[in-house]
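Structure record follows, encoded as C-alpha cells.
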Amino acid sequence: MTADRPSGKFITFEGGEGTGKTTQIKLLAEGLRAQGHDVVTTREPGGAPGADSIRSLLVSGATDKWDPLSECLLLFAARREHLNKTIWPALAQGAWVLCDRFSDSTMAYQGYGHDVPRPFIQGLYDMVVGDFAPDLTLILDLDVKVGLDRANTRNAETASGEDRFERLDQAFHERLRQGFLEIAQSAPERCTIIDADNTPDIVGAAIWMAVEKRLDTQMASP
Ligand code: TMP
C-alpha cells in the first residue's frame with residue numbers, strides 16, 4: 001500500500017531536542033483548522049498502536065541498550081506501521097498530516113549521530129517508505145545547549161522517563177544538528193530551516209509563511 005492523496009499534505013517537523021516542535025505543531029494545526037482544513041497531528045516513533053509499542057522500547061532505558069543498527073530497524077518497523085495505519089489513510093481522505101519527526105530524524109540521529117552508514121538508512125527508506133516523501137519538512141534549528149536545557153527541564157517536569165537520547169553527550173547532539181543542516185542543503189525543494197531561537201509566536205509566524213510559500217496554498221493569517 002502507498003499513499004493515495006487527492007488533496008492531503010504531509011508536513012514533517014524535524015530538529016534536535018528542545019527545539020519546540022510540539023508547540024509549533026499545535027499552533028500550525030490550530031491555524032489550519034481555522035482555515036477549514038482537516039488536520040491530523042502525529043509523531044514518530046509512534047503514531048499507531050504497534051509503533052507506540054516500539055516507541056516505548058526506544059525512548060527509555062540505558063543509552064547503549066540498542067546497537068544503532070538494530071535501532072534503525074526498529075524505527076523503520078514503527079514507521080511502516082505508522083504509514084499503513086495512520087499517515088496514508090489520513091492523506092487519502094484529504095487531511096493535512098503534521099508529523100513530529102520522520103525519516104530525517106533517523107538519518108540525523110542514527111546516521112550522523114551514531115555513524116550508521118547513510119546508504120544503509122537510505123536503503124531501508126527505499127524499501128519501507130518507497131517513493132513517498134513529505135510535501136514539506138520544517139527543520140527547527142537551535143543551539144544544542146539551549147535545546148538540551150529546555151528538554152531536560154521538560155523531562156524533569158513530566159517525569160516521562162523518555163530521555164534516552166537526551167542523555168547522550170553534547171558531541172552526539174552537535175553531530176545530529178549538523179546532520180539536519182546538511183539534509184536541508186541536500187533537499188532544498190523539500191526542506192526549510194526555521195530559526196527556533198525565538199518566541200513561539202515569532203517561530204510560528206515563520207512557519208506559517210513557509211507553509212504558504214512552499215505549498216503554494218493561500219492561507220490567511222491564523
Ligand atoms: P521525541 O522526543 O521528539 O518525541 O522523539 C523521541 C526520541 O527519538 C528523540 O530523542 C529522537 C529519537 N529518534 C531517533 O533517534 N530516530 C528517529 O528516527 C526518530 C523518529 C526519533
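Just so you know, ligand 1 is whichever comes first in the structure, and atom 1 is the first atom listed for that ligand.
Between Tyr109 and Phe180, the angle of the ring planes goes over 60°, which puts this pair in the perpendicular group of the 30/60° scheme. Ring geometry, Tyr125 versus Phe102: the interplanar angle exceeds 60°, so the pair is classed perpendicular (tilted spans 30 to 60°).
Ligand 1 is never approached by Arg164 to a heavy-atom distance shorter than 4.0 Å. The closest approach between a heavy atom of Glu162 and any atom of ligand 1 is not below 4.0 Å. Under the 4.0 angstrom criterion for non-hydrogen atoms, Glu17 is in contact with ligand 1.
Some N or O of Gln110 is nearer than 3.5 Å to an N or O of ligand 1, by distance alone. Remark: ligand 1 and Arg55 share an N or O pair separated by less than 3.5 Å (distance only, no angle test). Polar contact with ligand 1: absent for Arg43 (N/O pair, distance under 3.5 Å). Where the criterion is an N or O separation shorter than 3.5 Å, residue side chain and backbone included, Thr106 meets it with respect to ligand 1.
The distance from the CG atom of Leu215 to the NZ atom of Lys213 is 11.5 Å, given to the nearest 0.5 Å.
Note: the hydrophobic cluster containing Leu136 also contains Leu98 (ILVMFWY, side chain heavy atoms under 4.5 Å, direct or indirect links).
For Arg79, every heavy-atom contact with ligand 1 shorter than 4.0 Å involves the side chain, none the backbone.
Under the 3.5 Å distance criterion, the side-chain polar atoms of Thr192 are left unmatched by any main-chain donor or acceptor of Ala210.
For the pair Arg79 and Phe76, the distance from NZ or CZ to the six-membered ring centre is under 6.0 Å and the angle to the ring normal is within 45 degrees.
Of the protein's heavy atoms, Val59 CG1, 3.7 Å lies nearest to atom 6 (C) of ligand 1. Shortest contact from atom 1 (P) of ligand 1 to any protein heavy atom: Arg101 NE, 3.7 Å. Annotation: atom 7 (C) of ligand 1 to nearest protein heavy atom, Phe165 CD1, 3.7 Å.
Remark: Lys65 NZ is packed, more than 12 non-hydrogen atoms of other residues, nucleotides or ligands lying under 6.0 Å away.
Near Lys21, with a cut-off below 4.0 Å to any heavy atom, the atoms of ligand 1 are 3 (O). Near Glu44, with a cut-off below 4.0 Å to any heavy atom, the atoms of ligand 1 are 20 (C).
Residues Asp100 and Lys21 are paired through a salt bridge, judged by an N-O separation under 4.0 Å between the basic side chain and the carboxylate.
Side-chain polar atoms of His173 and Glu17 form no donor-acceptor pair below 3.5 angstrom.
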